[in-house]
Amino acid sequence: MNALTSLSVMAKGYDPGVTPNFNAPWMPTLQNIGGMVLATALVLFVIAVVAGLVVWLFGKLSGGGRAQDTGLSILLWGVVAAVAVGSIGGIISWATGVPLFA
């Protein structure tokens, strides 16, 4: 095979015929562990959001500007992190067609 032929094969794309197979005996265990990690992360983010809300309200009621800024920052970053972590399974499933957490 010369260089021109190999370039045309690469340009057409090469499908090796390998597809993901999720029938391995350890896959349900790994998916269960992944689900538990995601659930734990979401619970921790909810706790952080509630703590940020409490700090923000305390700063608002006591007139502490720095507490308001810190509480609002914790609140917003907690919500952003929870949305990002909560959408991981959906993003992977959408992008690859692999239902990891279905």
Side-chain angles (χ1 to χ4, degrees):
M1 185 183 309
N2 62 24
L4 185 57
T5 305
S6 64
L7 282 177
S8 68
V9 169
M10 286 180 10
K12 291 179 184 175
Y14 176 71
D15 182 14
V18 178
T19 57
N21 183 358
F22 293 98
N23 293 330
W26 58 84
M27 286 306 292
T29 304
L30 288 177
Q31 288 176 331
N32 194 19
I33 291 170
M36 285 189 273
V37 168
L38 283 174
T40 302
L42 288 175
V43 168
L44 291 175
F45 289 138
V46 167
I47 291 170
V49 166
V50 170
L53 182 64
V54 168
V55 170
W56 178 70
L57 285 174
F58 176 75
K60 193 78 164 166
L61 295 175
S62 68
R66 183 74 176 138
Q68 289 180 35
D69 293 342
T70 303
L72 193 58
S73 177
I74 292 170
L75 182 78
L76 293 176
W77 281 111
V79 168
V80 168
V83 167
V85 168
S87 63
I88 286 174
I91 290 171
I92 291 172
S93 178
W94 173 78
T96 63
V98 177
L100 292 179
F101 303 108

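Everything quoted here is computed from the prediction, not taken from an experiment. Only heavy atoms go into these numbers, but all of them, side chains included; no hydrogens, no water, no symmetry mates.
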Item to check | Listed partners of Ala48 passing side chain to side chain contact (heavy atoms under 4.5 Å, CB included), at least two apart | outcome: none
Item to check | Minimum-distance pair of heavy atoms, taken over all atoms of Ser87 and Ala84 | outcome: OG-O, 3.1 Å
Item to check | Closest non-hydrogen atom pair between Val85 and Ala41, with its separation | outcome: CG1-CB, 4.1 Å
Checklist outcome for this item: All heavy atoms of Val79 vs all of Val49, minimum pair found to be N-CG2, 3.7 Å
Checklist entry - Has the side chain of Thr40 got a donor or acceptor atom that lies under 3.5 Å from a matching backbone atom of Met36? => result yes
Please list every donor-acceptor pair under 3.5 Å in which a side-chain atom of residues 53-64 meets a protein atom from a residue at least two apart or in another chain.
| residue | atom | partner | partner atom | Å |
| --- | --- | --- | --- | --- |
| Ser62 | OG | Phe58 | O | 2.7 |

